[in-house]
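Below is one structure, written out as C-alpha cells; comments come after it.
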Amino acid sequence: MVLWFRGPAKAKSLPLPLAGEGRGEGPERNEREAGDGKTMQPGSVYAIKEGKDRTEQHTLSILVDNEPGILARVIGLFSGRGYNIESLTVSETEHEKHRSRITVVTNGSPAVIEQIKAQLERMVLVHRVTDLTVTGRSIERELALIKVRGSGDARVEALRLADAFRARVIDATTESFVFELTGRTDKIDQFLLLMQPLGLVEVSRTGVAAIARGPEAM
Amino acid sequence: MTRQMTGAEMVVQALIDQGVEHIFGYPGGAVLPIYDEIFQQEKVQHILVRHEQGAGHAAEGYARSTGKVGVALVTSGPGATNMVTPLTDALMDSIPMVCITGQVATHLIGSDAFQECDTVGITRPSTKHNWLVKDVNDLGRILHEAFYVARSGRPGPVVVDIPKDVQFATGTYHGPQNVEHKTYHPQVRGDIGRIRAAVELMARAKKPVFYTGGGVVNSGPEATRLLRELVAATGFPVTSTLMGLGAYPASGENWLGMLGMHGTYEANNAMHDCDVMIAIGARFDDRITGRLDAFSPGSKKIHIDIDPSSINKNVRVDIGILGDVAHVLEDMLAIWKESGHKADEKALAGWWGEIDRWRARRSLAYRQSGETIMPQYAIQRLYEKTRDRKTFITTEVGQHQMWAAQFYGFEEPNRWMTSGGLGTMGYGLPAAIGAQTAHRDALVIDIAGDASILMNMQEMSTAVQHELPVKVFILNNQYMGMVRQWQQLLHGNRLSHSYTEALPDFVKLAEAYGGIGIRAEKASELDDAIDAMIAAKGPVLFDCRVANLANCFPMIPSGKAHNEMLLPEDATDAAIAEAIDAEGRALV
C-alpha cells in the first residue's frame, strides 16, 4: 500500500515562515533516506552497516529565539547530516520574548535520535530541546484541509464518513466538499485512505503540533 | 559605554575593545567604509593578503598559535565565497575566528546586485553561527556576541555580514561590557559524580591509555599543564590525535606517538588492547578509529568533551563527561589525589612490557642510504636543526603532513598548525603567515608538498610585503604523494593525474616574489641548506628534492582495525595491492 500523501514532501509546505525567512532557503535534501524506512548512520565512513539498529519515531519540541534564519538553520542541520524530517511545524509562540516553537517528527536509530538532540542543543539560538516521545506524556495533533469531489452515493458516503471522523465541512459546492479535520496523524491518514476512492482531490496538512500533558512548561 | 558613531567606526572600535591587534583581509566595494576607518587609526594592524582564502587560513594560524580569536575582513560576493573553505576548515578543527564580510546595501539585498551573494545562507553550514546586521544599532552588540560565540564552548568560526549602508549609518555603539548571550551558555564544569566514577575506573585499570586531542590545546595552557600532571600521577601511556600534538611532550616518558591511520604501531595497538580508554578533547574521527566495529573492543571508555554532540557520536562510551578539559582535569586530578588512588603498578608494568614489544617493531623505520634524500630524513634533520628554537610548524595536506606529524617532536601546545578535519591543501603558507604575524621573533616553518604549496602560492607576496620571514620547506617529489599512494593501494597502480609534469622552478619563483630560494638535492648538502634557510632574514622557498616514490607508513588500510596495520617492512608491492578489500575500497 502506498500512502502517497505521507513522507517528507510535507516539509515543502511549511506552515508559517518565521520572520526573515524566504530568501530562497528551504529543505532540499531531506528526502535522502526518508520514506523507505532505512536510516543512514551518520558520523563515520566506517559506520555500522545500514539496517542493523531498529528505527524509532520521535517527536521533538524545540524552543528557539525567533531570529532570521533560524528555520533554515534547523532544517539545514537535518538535511546536511542526513537526518529525516517526517513532519515540521513552526510558529512564533511568545511574541514579547521573541520565541518560536518548532515541532519536528523524525525517525532514526536510538543513537541517531540522541545525536539529533545533541546537535540541536548546541545551536546558538536554541533554548531547549524536549523529546516528547521519551517523556511519554504528550499530546500530538495535526490539522488537515481535505478536498473531495464527487456526486451521488460517493458524495453521501464521504459526508457520512466525515461525520464519523468528526470532520467539519468548511466549504461546499454541488460537486465538492472541503473538510477540516483535526487529530492524530494516524487518524488523518486513515481518513485520507477512506476518501481516496470517494474522489479525494487534494490535501493540505499543518504537520504535527505537540505538547506535554500536565501543568508544567517544557 | 554607549556612543554615537558610524557602523564602520563601530567595527574598528569593537575590534579594539576586543583586544584585537592584527586582522587579515582584502578590500573591495562593500567594505570600503571599514577600510577607510582602518586607514585612520593605528591600534589594529591590517595584513593585506593576496586571496581571501589566505586571509582565512592566516586568521586560523594566528588563532592557533596564540589561543586568541583570529579575525578576517573581506568584501561581499567573491570575497565571501572565497572564505568558505577556511570557515569550514576552522569549523572542523574548532578554531575561533571572526570573519567580517561586507554586503551590498540593505535595499539591494535579493536583487542580484553586483558582487551580491547570500553570504549568511552560503556560510550557515560552515560556521558555528552567523549574523546579517540590518540595523546599525545592533552592530556593536552583534560584534561582541560574535567574539563570545567564537571563543566559548567548542570554539569555531562565525561570520558577521554587514551591508554597506549599515557601515555608513550612524547609531548607538554598545561596548563589550553588557553583552550577555540569551541562549548560548556552554557547560564548562563536569559532573562530579561522573568524574568520580571515571577516576574509580582509572584506578582499577590494568591496561589504560590516554587518548588526547585538539580539545586539550583549545582549552588553554592550564589544560596542558593538568594533562601532564595527570599522566605523571597515574603513569599511564598517552597518545594523541594529529590535532592534539604538543599537549603532551614528544620527549615525555609516557608518550606513544600519534595514533590513527598513520599513527605508530604501539599507539594503535595500545588503543586496540586497552581496558580503560580516557579520551580527552578528541572526537573519535574516522582517521583515528579505523573500522568501528573492531575499535578497541575490550575497553571501558571515558570521554571528556565540551561538545555534547561529540559524545557517543561515532563510538558509544561508558562515561561521558560534558565540560571544558581544564576544568574537568582539575577535578579529576583533585579526586585522584584526595582519595589516595594509586595505579596498579604490577599490571601497569606488564602493560608497558607489551607496549615495549610493539615499540620494538620500529614502525616509523625507513632507510636513508646514498645521496637521495628520504622525506622522513629531511623532516628529522629539520627537527634536529630547529628543536632548540622557538619554532612553529604549519603544514599543507598529504604525505608531508603525516611525515611531519611522525618525525617532528612537539614539546609545547600551539606550536603545530595543520588542517586536520577538512584536509585543506593550501592551508600551510597562509597559516604560517598568521603565526609569524603573532610571533615576529619566532621561526615559523611551513612543511609543504610540491602540489599543496601551489594552491596558495600567491601568499608569498604577502609575506614579502609585510616582512614576515616564513620558511616554506617543500618536500618535492613531483607527485601528489598521498593521492598516488592511494592509487597504488586501491586502483591497480594507475597513477591518474597525480604526477605534476610541469612544476615551477621554486628557487626562481621565490626570487620572483622577492624572497629567497634554496634547493637541496643530495643528502650531504641538506644540513647546510637547512642552516642557510634558518639564517635567512626573509621568506624562503626551500625546494627539498626527495625520493619520488616513498610512501607513508605505517598505515591502517581503510576498513581495517587498529591491530591490522601495514608496517613499512611488510609493505611490498603485492601487499600494497591487496591491502584493502572490496568493502574498504568504497571508503575514503
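Note on naming: letters A, B, ... go to the chains in the order of the sequence lines (proteins, then strands), and numbering restarts at 1 for each one.
Here B:Thr106 pairs with B:Asp165 under the side-chain hydrogen bond (donor to acceptor under 3.5 Å, both in side chains) rule; sequence neighbours left out. In this structure A:Phe179 satisfies the ring-ring contact (aromatic ring centres under 6.0 Å, His included) test together with A:Phe177, A:Phe191, sequence neighbours excluded. Partners of B:His262 under the ring-ring contact (aromatic ring centres under 6.0 Å, His included) rule, at least two apart in sequence or in another chain, do not exist in this structure.
Contacts between residues 88-97 of chain B and chain A, counted as heavy-atom pairs separated by less than 4.5 Å, involve no residue at all.
B:Arg154 touches chain A through its side chain: at least one heavy atom from C-beta onward sits under 4.5 Å away, while N, CA, C and O do not. The parts of B:Asn130 that come within reach of chain A are both its backbone and its side chain, each placing non-hydrogen atoms under 4.5 angstrom from that chain. When heavy atoms are compared at a cutoff of 4.5 Å, B:His181 approaches chain A solely by way of its side chain, counted from C-beta outward.
Between the side chain of B:Asp324 and the backbone N or O of B:Gln187 there is no donor-acceptor pair closer than 3.5 Å.
Aromatic pair B:His272/B:Phe295: centroids not less than 6.0 angstrom apart.
When the shell of 6.0 Å around NE2 of B:His185 is examined, it contains more than 12 heavy atoms from other residues, nucleotides or ligands.
Comparing B:Ile311, B:Asp307, B:Asn312 by heavy-atom pairs within less than 4.5 Å of chain A, the highest count is held by B:Asp307. Between chain B and the options A:Gln119, A:Arg122, A:Arg128, the largest number of non-hydrogen pairs under 4.5 Å is found for A:Arg122.
B:Arg291 has a carboxylate O that lies under 4.0 Å from a charged side-chain N of B:Asp293, or vice versa, which qualifies the two as a salt bridge.
Side chain to side chain, A:Glu96 and A:His98 fail the donor-acceptor criterion of an N or O pair below 3.5 Å.
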